[in-house]
Amino acid sequence: MSERYDLYYWPGIQGRGEFPRLVLEAAEAPYRDMARLDEAAGGGVPAMMRVLETGIGHHIPFAPPFLVVGDRLVAQSAEISAYLGERLGLAPDTEADRLFARTIALTTADLVTDAHDTHHPIATSLYYADQKPEALRRAQEFRGERMPKFLGWYEWLLEMNDHGVLVGDRLTYADLGLFQVMEGLRYAFPRRMGAIEGRYPRVIALHDAVAQHPAVARYLASPRRLPFNEDGIFRHYPELDGE
Ligand SMILES: N[C@@H](CCC(=O)N[C@@H](CS)C(=O)NCC(=O)O)C(=O)O
C-alpha cells in the first residue's frame, strides 16, 4: 500500500489525534502528521482550518482529528482508527470481531469524552477556572463510578479472551486505544490509578505488551510522542484526583 495518509489535528497536544496516530505508528505506515508539519510546508493549523472550511470534495469534517487519503476523508478518532486498522493489518479477521473492535473503539472514545468532561463539565468554550466547582463534582463521580466501570469492562473482555488482546487473536487498534487511555488516566489521575489499577491485571499486561511492541516502543521514545500537558484531554489537576 503506497498511499500516503495525512493526519490532521491540533499541534502541541496528544489529544484525540493520538488514537489514529498510534495506529499509523504501530503499522509503520507512510503518513504526514499535518499538525507538526511547518506552516511553510503546508501544515499546521492553517492547513487543518482549510479542510474544516472547504472539505475534500463535498466531505467536510465537523472537528479534528481527521484523515485525508487521496480523495477520501475520514473523521472521528474511533472511525479513523478502525479504517486504518483494517487497512494496515491491525484489525481482527472475522466480521463479528471487526464489528466488535469498532464497538470497543467507540466505547473508548466515550471514556475519553468522560475524562475530558472532568475538567470541562459545563462548556469547552469556558476556562477550567470558570467551572471548577462543577469540575470537582464531575471528577469525583468519574473517579468513583466511571473509571472502575470502564476498566472493569476491559478487564472482563480480556478475561473472556484467551489471547491477551481485547478482541480476536492478535493486537488491534482497539488494544492501542486501551493503551492510550491507560497512559492518559495514569497521567491525569495518578492517585486514583495507584489505588485501583491493581484490580485490572490483564489490562496492565496488555498496556505493557503494547508499550513493548517494537514500532510503538520506537515511537514512544521519539520526539514525535509529545508529553501530556494541561492543554490536552487528559490533564493533571491535583485537585481533581484522589483515591
Ligand atoms: N467524537 C470526536 C470528537 C472530536 C472533538 O471533540 N475534537 C476536538 C479536539 S479533541 C475539537 O477540536 N472539537 C471542536 C468542536 O467540537 O467544535 C472524535 O472522537 O474525534
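Every number for a ligand or one of its atoms is a count from 1 in the order of the listing.
- Salt bridge annotation for Arg21-Glu18: present, with a cationic side-chain nitrogen under 4.0 angstrom from a carboxylate oxygen.
- Contact annotation for atom 17 (O) of ligand 1: protein absent (non-hydrogen atoms, distance under 4.0 Å).
- With hydrogens left out, the protein atom closest to atom 15 (C) of ligand 1 is Ala63 CB, 4.2 Å, a heavy atom.
- Relative to atom 1 (N) of ligand 1, the option among Glu18, Met48, Gln76, Gln14 with the closest non-hydrogen atom is Gln76.
- Per-residue contacts place Pro65 under 4.0 angstrom from the following atoms of ligand 1 (heavy atoms of the residue considered): 20 (O).
- Residue pairs meeting the ring pair (Phe, Tyr, Trp, His ring centres under 6.0 Å) criterion with at least one member in residues 71-122, sequence neighbours excluded: His116-His119, His116-His120.
- Ring geometry for Tyr187 against Phe228 counts as parallel: the plane angle stays under 30°, on a 0 to 90° scale with 60° as the upper cut.
- The closest approach between Gly15 and ligand 1 stays at or above 4.0 Å for every heavy atom of the residue.
- Ligand 1 lies within reach of Trp10, whose nearest heavy atom is under 4.0 Å from it.
- Salt-bridge check for Arg192 with Glu243: failed, with every basic side-chain N at 4.0 Å or more from each acidic carboxylate O.
- Residues Phe189 and Phe142 bring their aromatic ring centres within 6.0 Å.
- A salt bridge links Arg102 to Glu79: one of the charged nitrogens lies within less than 4.0 Å of a carboxylate oxygen.
- The pair Arg191-Asp241 does not meet the salt-bridge criterion, since no charged nitrogen lies less than 4.0 angstrom from a carboxylate oxygen.
- Nearest to atom 4 (C) of ligand 1 by heavy-atom distance, out of Gly232, Ser81, Ser77, Pro64, is Pro64.
- Across the listed options Tyr9, Phe62, Phe66, Tyr9 owns the non-hydrogen atom lying nearest to atom 10 (S) of ligand 1.
- For atom 6 (O) of ligand 1, the closest heavy atom belonging to the protein is Arg16 NH1, 3.1 Å.
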